[in-house]
Structures are given as C-alpha cells and as structure tokens.
Chemist: 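Please find one structure pasted underneath; my questions will follow.
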Amino acid sequence: MAQSTEIQHLSGVDKDHTIEWDFHIDRGMNSGKWTTIPVPSNWETEGFGVYNYGRGKQPESNETGTYRHKFTIPASWKDKSVHIVFEGSMTDTKVFINGKSAGPTHQGSFYRFKYDISSLLKYGAENELEAVVKNWSDNPSVNTAEREADYWVFGGIYRPVYLEAKPKAHINWTAIDAKADGSFRANVYLSNARKAETVEAQVTDMDGNPLGNAFSSPIEKGMDMVVVSQKLSGVKTWSPEFPNRYQVKFSLMAKGKPLHTVTETFGFRTVELRPHDGFYVNGQKVKFKGVNRHSFWPSSGRTTSYQISVDDVNLIKDMNMNAVRMAHYPPDKHFLEVCDSLGLFVLNELAGWQTAYDTIVGRQLVKELVTRDVNHPSVVIWDNGNEGGNNFALDDDFYLYDPQKRPVIHPWAKFRDTDTQHYKSFGCCADGLFNGDDVFFPTEFLHGLYDGGHGAGLDDFWKAMVDHPLSAGGFLWALVDECVQRSDRNGELDCQRSNAPDGIVGPYREKEASFFTIKEIWSPVYLDLQHIPASFDGVIPVHNRFHYTNLKQCQFKWQLVDFPIAGAKETAPIIRQEKEVTAGNIKPWEWGKLELGLSENWRQYQGLLLTATDPHGREIFTWSWALQTEAQIVETLLPPTATNKATAKEKNGTLLTSANGVEIGIGLASGLIEAVTNEKSGFPFSGGPLPDTLIGESSFKSIKHYSDGNDYVIEAEFEGVLRKVVYRMLGSGILQIDYAYLPGNGTYDFLGVSFDYPEDQVTGVKYLGRGPYRVWKNRRKGLQFGLWEKAYNNTVTGENWDYPEFKGYHDEVYWAEIQTKAQPFTLMIASNNLFLHLFSPDEPEGAYNTNTDGIFPGKNISVLHAISPIGTKFKQPENLGPQSYTNEFSANRDRPHFYLNGRIYLDFREKD
C-alpha cells in the first residue's frame, strides 16, 4: 500500500480555530504567571506582553514567552520519521520534546521550520512540547531586518504547529519546473532512500484524470535527489486570467511498490525577464497591476485564516489587479494557494526592511522560503529584502532551490536589468522610471495615507505605463489600513497615527473611494468615452488590456435608465430597456469597437449603464453616463409657469423678495443672500454666491430690482473677482441665480462660489450625480452616475471608517436635497460640469504633513468650476502628473466672454 504523509495538528489551524496551550510570559501584560493562550496567535492581541510598532528597538517589549502542550501520538508511528513543523513563530524559537532539545534555536519570524523528533517521542503515550519564544532575537540582524521596521511587530507562535509522520524512506520535498509548452521537470529530494529504486510521477488534472502516462527515473546509489521529466501535450497554461492548475503524484518505488507518495499542485507557465524589453509570462509581455499586502487582521495581528486569504484575493481581483507583492515577508501558505487558484501574480519576499539578514541566518531563511513556496505557479519573482535590506551574498541562493530560475529583484533598486525604485515623481528621473533603459515596475508607488494616494494620480501614471514599452506596471502601497484592535485599550483601533492607515481598504476591509477608482483605471476593458457626445451612434471604441483574454470571451450588458425624482423614497435607477451584447474578435492589446445596438428612442432616457463581465463571471466594471444635460434635468424639476406673482419690499437694508410662501432677503449693501424663510420656519442659509477670498477679493458696487412678468429680478453688480449676480424669484417660489466671476490670471486650488450654512444643522443629502464617494481633481474615476443618499458623517478617512464620507467635493451634480434638522432644501445646478462642495473634512489628527489634506473653500456649500487635487504620504500633488496640477486660469482681456458663469436654483419651499 502507498504511504502518504500523516498530519497531526498540535495547535489550531487559524485565528478562528485555536487550541489552548499553557503559557507564561515574563514581561508586560499578564506577565509572571502561568495561564493559557490560544495557538496560533500573537500574544499581544491575546492580552500579553507589550505592543510595539517597530521603527526602532524598544527594550520594554523584549518579552520571552514559554509554551507547554501535551499530546499523544499513535504507537504505529514508531517506525516512521516524525517531524514537528512550525509554520511561523516570532522570533527566536527554542523547542523541547519531553525535556530534550529538538535542535538549534530557530531565528526568523516568517518562515516554516521543522525538527526531526523521532528519537525524542514516546509512541502510543503522552508527550510534552515546550517552546521558548523570544520576540527580540539574539541575532541583531534579525531584529533590524524584521522588527525595527515600519509595521506592527508581534510575538508568539502565530501560525499552525503540527506533526508530520512519513515512512523512514520518504520524499522530503520537490521543486517543479512546468513550462508553458508542456515541458515538465521536477527535482525530487529524498531521505533514507537506499532501498528505493525509482521515483515515478503521474500528472493529472484537478479532478484526477491522467494527463499522459506515468514517467519515472532511477535512483542511483548515494543519490538524494532525482530528476523526473516528461513532455506533455494539450496542457492549459496558468495565468491570472486563466489559473489552470494540475496535480502531480510522486511515488518513491521499491520492487514495484510505493514506499511514500506526495501530491503537489502546480501550473504550466514560463517566466522570463528580457533585458531592455519586458517581463514575459507564457511568451506574453505583462504589466503588473498590483498592490502590497501584509498578513494582517486587526484583532489577531499576523494570525489570519484561509477565509481572509480568499476575501483579500477577491478584493484585489475585484479592483482588476493581476498581481500582489508579499511585503515585507512571505505570507501564510494558504494565501499563495488562493493566489494559485483564483489567479494573481505574486512577488514573494525575503524579509529585510532597509537592513538585511546576515549571511548565515539569511541563507537558512532563503532555503526555508523557497523550499516551501517553489511549486506555486503564482510566484513569478523572488524579492531579496526591501529598500536596501538586500544581502547581495544571498542573490544566487534562490537558484539553489528553484529550478525555474525565477528573477530575483531588489525592491527600491536598479538591479539585474530591473528598476523598481519607490515613490518617484511623475516626471522623474534622468536614469530611471519613464526615462531609463531598464524594465521598470516600482514595487511601491502612490503611497496611500488617509484619503490620499492610491487612486489619486493613478490615471496619469497608468497612461504613461501603458504607453511605455519598458514599463511592467507597478504596485500600490498598500491594501489594508493596518490598525490593531488593542486588547489593552478596550478594543480601540490603533493606527499609530500616520504610520499604519495606508490602505485602499480599512482594517476590516471597508472600501475607500480609491478602491473604485483603481477598479476603473485598471479595468482590462478600456473605454475611450468620458461623456456621451451629440454625435454618439451607439458605437464605443474599446481597448483590450487583458494579457490572455479575447474580448469576445467577455459579456457586456447595457441598460437605459431613468432616475427617481427628488421626493422619491427609492434611489435605484429605473430600468427602461436592457440588452446583452458581445464584442468582436478583439485580441489582447488591440483596439476595436463595441456596438451597443441602442434603440432609436434611447435619448429620451436619463442614463446609460454598461456592465462588462469577464469569462469567469466577475464584474470588470460598470460605466455610467448621463444622457441629458444638467439644464434638461433641472427643467423637469421646475414646476410649470406659476400664475401667482413674485413680489419684493425693502426692510432694514434688505430687499425681501417672496413668492409661494418663500421669502429671500438680498442685502442692499452686499448684493448677497442674507435671509431665507418659508411658511414653516427660517433657513440659516446666507453669505453667497461669493467667490472665496483665496480666489480674490470682491466688493459690492450696485443693485437694481424690478418685476418681470410673474418673476421678480434683482441684479447686483460687483467689482473684483465677482462681477454680477442676477437673482430671479420665480412665481413658484424657487430662486434662480445666474452669476459671473473673473479670477485673475494664475493658479487656483479651486474656483467657484460659496454660501454659508451651519454644519451642525445638516443630517444628510440626496443627490443626482456621480457618487456615492467624494472626488478630488486627480481622482474622479470609479464613480457611478445615479441617485445617491447618505447620512451626515464626520469621517476622517483612515482614522474612522464610516464610508462613503459625507464631506468634500462631489462630481457632476445635477441637484442635491440637503437634509437638515429642521426642513430640507434643494440646490439645482443647471450649468455643465460643475462640482458641489459640501462642507470640509477635518484634518487627520495623526497627520505629519499636509499632503493629503486637500484645500477647500472657507464656506460650507459651494458650486465650483474647479477643485483641488490631493497628494500622497510622501508627495505633494504637483509631483503626481498633469491631473494633479493646480487649476490654471488665464483671460487675455477683462471681457464678459472670459467670465466663468453658472446658473443654479434654490428651492426652499415647504416639503410635504
């Protein structure tokens, strides 16, 4: 009978399935006494020791934890080779079995290590395991490489512990090289195989169906490694778009019988770095659309679960990413398994944050890294450290264990024909990025912090990367806000001020606006259609940015929709017509046309939605366009011509114009709105429309007013930036405002007019426009045109996570009903391409610079022609490309045709 490896877990398998072990810690929380702790776990998150956010040695957190656990093993294991395996322990770990040392102390937190304990066990009886774990290593290079780093550092046995029982003669490990052309080769490493004769291999699909015949190689005397190889036909290659996997069963044979069998999962694919050309997988030049990810969960630190791996990979793929970098250390093995099965390119990394391991310990850890992960088809690059934490003596050690000879890189460096430098400005550099001659893919760029970075600036960077032949894409920093749920602070989420809130998603994977911006920008279906032009004929130019997928393999569905009116309870679009269409034969990186086949009456509707779905049923993106102008939509909201007449009177320096129960006061000495009431109560709405003083000063000049049919008109003239405001009180009680202003020649953070309204009176907003997230000048993509409603919140992105944020800039707004503690009012925008500013977000308490603050008008409600960009953790906006530049205005003469104009309506009528 074939003998496979038997596994007996001594710990649980993840954060949700643990086993209590006896535990003692010498310092910090709950120290100096024996108690119990769940394993696996980080001891800080279980209420032991001292929390430590790296970035320098902290002696007070230099704890030692002692674990004890009793277990029984089968008597039948007596004739087997038994190893105890630790998937990960932080940091120095000394293991004892029944009071005897299992072997040398293991140093290094992120690596699988094991000891042969066959001679130390009591078979069929109870045994005792003791593990002594020091979170600060006795090896200074381990501390500087792993713990004095820019991330939370923890202590404890945080990944599973188990026993492996194999026959005395067994397969130790295997290293597979399966290429895209069907060539299969594997190095099979043996132990105690003196009596074995051959190693046999059989490749199957994932259902166990054989692919070709079994093949084998003889074992010569003294051999501890055998190569088996075969050329197979009809293979399906592995890629992120089509993650085809296979299995191979290796059998150690003697006298025609298997002594030991091992089954590995792998994929056929070929990886090449072609100098001064590009990075190729399966002969296809690829561009990484990637993100950096740590193994992290707020309530359990580095102890995660298979489900978290599945959820994170799905989050990454839902953003249309195809790659992930394992910063700054190798992940849980199940994360790579999910990358294999769902499809992501992986950069797998040896730890070394700005300082490298010494060569002795480094060589051992490279071996542990590669031998564990070598057979994963998702792993396409090995990273030797990070940002200067590179021990050059280790570069070629990766190839000792990897027959595929995958490229080895140094993140943040120019190394072996690659340029992976971090956080360079858009126009940089004379010898790198867009101006160098190496294949470039920054392994960290657009460093997120709070609401900055990530999506902000990405559109310009990605356009340049798509166009540049040497670009292999890049990796955003980072996926998750790594904020720890402190066990010593009643569950408070601790982000270490500006150190940890760097994510596209929050600690519990709450999606920020950049999530959706990235999803659109990195969509492999690129549509060159920002607005629906008058000449639109239902045909959309489309660029296929997949690497391996023909667009005819995707599904497309369009919907013609209307949107509920302002007073409706529902916000979902009303589907009037819909149809599924297919693209033609558009190959990867080719342009083509998508013919929608719209009905003849399509322009009568308010919106067009188009959803693309990939061959596996995952939504690529839903694009949305308004089919009617702001003026057309607003016209439908205005009541029919009123029969009642608007009137006006002067009182205490104010011109009071009224109609249909609404009275609005215009200051005779200011020309601005000073008071608003209706039959129910007053509105604290005033102070505009007025350009902000950051745009320039304005002074009142004159006013005149008169009846015009059923309307009453007030014309106010100004000097300075604001030139003219015409108020028209309609007989319906709605106020129409036409305004014109002329900034001086120069650059501006924003341009427009504003009003005052007390923030503490606002409870929410319902609006027709792009939403539901706020925008910045350099982060406008990813939103949907529709009807949105959100309650007021004072969210500071990355310090709390009530998304979408209420306050900030909103794009392509047609109308907005401002909900207040008293009664709502509606602002309608009848001019094209204006933004709505609703209050200004608070600055983050933990910010150490102003890069990610944004700049806002001093008043609370604004209608704007231009808004400000936002920067990243390390860069001001002007370093991020054209969309991030400040707004420039230039007028050759002081003439009305150079003025910036707008038309808005204010509806203060009492609502039902």
Side-chain angles (χ1 to χ4, degrees), residues 53-55 149-152 288-296 312 315-316 319 321-329 331 344-349 351-354 381 383 385-389 409-413 419-426 428 433 440-458 461-462 465 472-483 495-507 509 511-515 517-518 521-522 778-779 797-798 846-849 851-852 870-877 879-881:
Y53 186 88
R55 280 192 173 274
D150 188 11
Y151 46 77
W152 285 101
F288 296 119
K289 300 180 294 182
V291 68
N292 288 270
R293 177 194 183 264
H294 283 151
S295 300
F296 180 83
D312 280 1
L315 279 172
I316 293 168
M319 286 185 279
M321 295 180 176
N322 63 9
V324 60
R325 173 181 168 228
M326 302 287 78
H328 291 104
Y329 44 79
L344 283 177
F345 291 130
V346 172
L347 276 59
N348 204 358
E349 187 156 311
W353 189 79
Q354 300 193 356
I381 287 176
D383 299 354
N386 172 65
E387 295 189 348
I409 67 168
H410 289 180
W412 199 38
D419 179 358
T420 60
Q421 296 178 82
H422 293 176
Y423 309 122
K424 299 301 181 182
S425 299
F426 181 81
C428 187
L433 201 61
F440 67 92
F441 48 104
T443 38
E444 296 176 28
F445 79 117
L446 293 179
H447 194 303
L449 177 65
Y450 305 124
D451 200 30
H454 295 138
L458 180 60
F461 268 90
W462 189 241
M465 288 174 170
F475 294 79
L476 300 171
W477 185 273
L479 180 62
V480 177
D481 288 336
E482 294 180 26
C483 307
C495 305
Q496 278 290 295
R497 297 180 67 81
S498 62
N499 282 324
D502 300 336
I504 303 167
V505 297
R509 281 48 175 181
K511 296 175 182 176
E512 298 177 6
S514 280
F515 182 97
T517 304
I518 296 163
I521 293 171
W522 274 350
N778 55 353
R779 195 191 71 194
T797 313
Y848 72 100
N849 62 38
N851 293 358
T852 60
I870 193 171
T872 70
K873 187 168 188 174
F874 300 131
K875 298 293 183 182
Q876 289 282 357
N879 300 125
L880 304 181

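Keep in mind the model is a prediction, meaning the values are calculated, not measured.
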Chemist: Mind listing the closest non-hydrogen atom pair of Phe426 and Leu433 along with its distance?
Modeler: O-CD2, 4.3 Å

Chemist: Report yes if the side chains of Arg325 and Arg293 come closer than 4.5 Å at any heavy-atom pair, otherwise no.
Modeler: no

Chemist: Side chains of Asn851 and Leu449: does their closest heavy-atom pair fall under 4.5 Å?
Modeler: no

Chemist: Look up atom CE in Met319 and atom CD1 in Ile504, then write down how far apart they are to the nearest 0.5 Å.
Modeler: 4.0 Å

Chemist: With heavy-atom distances below 4.5 Å as the criterion, would you say the side chains of Leu479 and Phe296 are in contact?
Modeler: no

Chemist: To the nearest 0.5 Å, what is the distance between CG (Asp481) and CZ (Arg509)?
Modeler: 10.0 Å

Chemist: Specify the closest pair of heavy atoms between Leu476 and Met321, including all atoms of both residues, with the distance to one decimal.
Modeler: CD1-CE, 4.1 Å

Chemist: Any idea which heavy atoms bring Pro501 and Cys495 closest together, and the distance?
Modeler: CD-O, 3.6 Å

Chemist: Has the side chain of His454 got a donor or acceptor atom that lies under 3.5 Å from a matching backbone atom of Ala478?
Modeler: yes

Chemist: Is the backbone of Ile870 close enough, under 3.5 Å, to the side chain of Asn778 for a donor and an acceptor to pair up by distance?
Modeler: yes

Chemist: Which heavy atom of Leu347 sits nearest to which heavy atom of Phe441, and what is that distance?
Modeler: CD2-CE1, 4.3 Å

Chemist: Nearest 0.5 Å, what's the OG1-OH distance between Thr852 and Tyr450?
Modeler: 7.0 Å

Chemist: Any heavy-atom pair between the side chains of Pro442 and Lys424 that's under 4.5 Å?
Modeler: no

Chemist: Are Asp383 and Thr420 side-chain neighbours, meaning at least one heavy-atom pair lies under 4.5 Å?
Modeler: no

Chemist: For the side chain of Ser514 and the backbone of Gly455, is there at least one donor-acceptor N/O pair under 3.5 Å apart?
Modeler: yes

Chemist: Could you tell me whether a side-chain N or O of Trp152 sits under 3.5 Å from a main-chain N or O of Glu482, the two making a donor and an acceptor?
Modeler: yes

Chemist: To the nearest 0.5 Å, how far apart are CD in Glu387 and CG in Asp150?
Modeler: 8.5 Å

Chemist: Closest approach of Gly474 and Trp522, non-hydrogen atoms and distance?
Modeler: O-CH2, 4.1 Å

Chemist: For the side chain of Asn386 and the backbone of Trp353, is there at least one donor-acceptor N/O pair under 3.5 Å apart?
Modeler: no

Chemist: For Arg779 and Asp451, indicate whether the former's side chain and the latter's backbone hold a donor-acceptor pair under 3.5 Å.
Modeler: yes

Chemist: Measure the spacing between OG of Ser295 and OH of Tyr151 and express it to the nearest 0.5 Å.
Modeler: 11.0 Å

Chemist: For the pair Asp312 and Val324, evaluate side chain to side chain contact (heavy atoms under 4.5 Å, CB included) and give the outcome as yes or no after the intermediate values.
Modeler: CA-CA 10 Å; Asp312 280 1; Val324 60; over 6 Å; no

Chemist: Distance from Phe445 atom CZ to Ser425 atom OG, nearest 0.5 Å?
Modeler: 13.5 Å

Chemist: Which atoms form the tightest heavy-atom contact between Leu344 and Ala323, and what is the distance?
Modeler: CD2-N, 3.6 Å

Chemist: Over 60° means perpendicular and under 30° means parallel, so tell me whether His294 and Tyr329 are parallel, tilted or perpendicular.
Modeler: parallel

Chemist: Backbone N or O of Ser498 within a donor-acceptor pair of the Lys873 side chain at under 3.5 Å?
Modeler: yes

Chemist: If you take the centroid of each ring, where Trp contributes its six-membered ring, are Trp477 and His328 closer together than 6.0 Å?
Modeler: yes

